[in-house]
Asks: 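The structure's right below; bear with me while I get my questions together.
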Amino acid sequence: DGTRMNENDPAALVAYPCVCRDAENVVNRRRRYQEWANLPESTGTLTGYRRTSPEQEEAYNVAQSFASGTSRTLVFMTGGPGTGKTHLAIAIARACIRGGVRGRFYNVVDLVNRLETEHRNGKQGRIADYLTRLDFIILDELGYLPFAQSGGQLFFHLVSRLYDAPRSSSPPISPPANGQASSATPR
């Protein structure tokens with residue numbers, strides 16, 4: 001039944017949770033968080049990120065700081081195709097999940113399509129309700145926004161709602177006091 005007797009006092013019938021079950025629960029929780037995050041198939045890790053320019057080194061340092069929990073600011077990564085933005089985003093997500101943090105990865109176009117479907121089906125707010133319960137959200141390919149104006153309005157309404165949502169289990173991810181978000185520019 002997952003419990004054991006107190007070996008020092010067998011007559012007391014005191015049961016303690018099994019340590020192996022606790023470890024198993026942590027592994028299972030991390031596996032579920034990994035599945036829920038919907039990360040693309042990739043080998044994106046911080047140690048696997050190749051840094052060939054000062055900008056990529058700076059981006060790596062910002063990502064490492066965020067993933068380690070020492071900095072939970074809003075992070076924007078900009079740069080041309082193939083510079084490692086998605087790689088770093090996936091690496092951040094994996095590191096956070098290993099630390100027991102829940103989150104979700106979205107390609108922005110896919111997210112907007114889901115928001116539009118939700119709106120058409122008269123079920124507005126369900127995605128936002130779900131996302132406000134998470135500790136982090138990664139929005140990939142924000143620079144490529146080939147969707148209708150109504151989709152853009154739904155997306156920016158969602159972002160506003162997420163920004164204003166209270167966080168109970170962790171501090172909100174917001175710009176630092178000086179109003180500047182951490183910025184990383186892999187090149």
Asks: Please confirm whether the backbone N or O of Asp129 pairs with a side-chain atom of Thr132, one donor and one acceptor, at under 3.5 Å?
Replies: yes

Asks: Which value, rounded to the nearest 0.5 Å, describes the distance between Asp110 atom CG and Phe105 atom CZ?
Replies: 9.5 Å

Asks: Go through the steps to decide whether Arg120 and Thr117 satisfy the test side chain to side chain donor-acceptor pair (under 3.5 Å), and finish with yes or no.
Replies: CA-CA 5 Å; Arg120 269 193 312 275; Thr117 299; 3.1 Å; yes

Asks: I'd like to check Leu88 versus Leu46 (side-chain heavy atoms, cut-off strictly below 4.5 Å). Are they in contact?
Replies: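 In short, these two side chains touch, coming nearer than 4.5 Å.
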
Asks: Just so I know, are the side chains of Val108 and Val112 near enough to count as touching, which here means a heavy-atom distance under 4.5 Å?
Replies: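 Yes - at least one pair of side-chain heavy atoms lies under 4.5 Å apart.
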
Asks: Nearest 0.5 angstrom please: Leu131 CG to Leu158 CG, how far?
Replies: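 Taking CG in Leu131 and CG in Leu158, the distance rounds to 6.0 Å.
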
Asks: Show the nearest heavy-atom pair for residues Ala128 and Arg161, with the distance to one decimal.
Replies: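 That would be CB-NH1, 3.1 Å.
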
Asks: Kindly compute the distance separating CG (Asp140) from CD1 (Ile138), expressed to the nearest 0.5 Å.
Replies: 8.5 Å

Asks: Taking all non-hydrogen atoms of both residues into account, name the closest pair between Tyr130 and Arg104 and its distance.
Replies: OH-CD, 3.9 Å

Asks: What I'd like to find out is whether the side chain of Thr86 reaches to under 4.5 Å of the side chain of Glu141, using heavy atoms alone.
Replies: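 Counting from C-beta outward, Thr86 and Glu141 do come under 4.5 Å.
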
Asks: Does Glu57 have any salt bridge (Lys or Arg N to Asp or Glu O under 4.0 Å) partners at least two apart in sequence or in another chain, and if so, which?
Replies: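 Per chain and number, Glu57 pairs via salt bridge (Lys or Arg N to Asp or Glu O under 4.0 Å) with Arg51.
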
Asks: Which distance, rounded to the nearest 0.5 Å, do you find between the NZ of Lys123 and the CD of Glu118?
Replies: 9.0 Å

Asks: Hey, could you give me the CD1/CZ distance between Ile137 and Arg102, rounded to the nearest 0.5 Å?
Replies: 11.0 Å

Asks: Looking at every heavy atom in both Ser150 and Glu116, which two are closest together, and how far apart are they?
Replies: OG-OE2, 3.7 Å

Asks: Would you call Phe136 and Ile92 a side-chain contact if the rule is heavy atoms closer than 4.5 Å?
Replies: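 Heavy-atom side-chain distance check fails, nothing below 4.5 Å.
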
Asks: Any non-hydrogen side-chain atom of Ile127 less than 4.5 Å from a side-chain atom of Leu111?
Replies: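 A side-chain contact under 4.5 Å exists here.
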
Asks: Can you tell which of Glu58, Gln56, Gln64 makes a side chain to side chain donor-acceptor pair (under 3.5 Å) with Tyr60?
Replies: Gln64

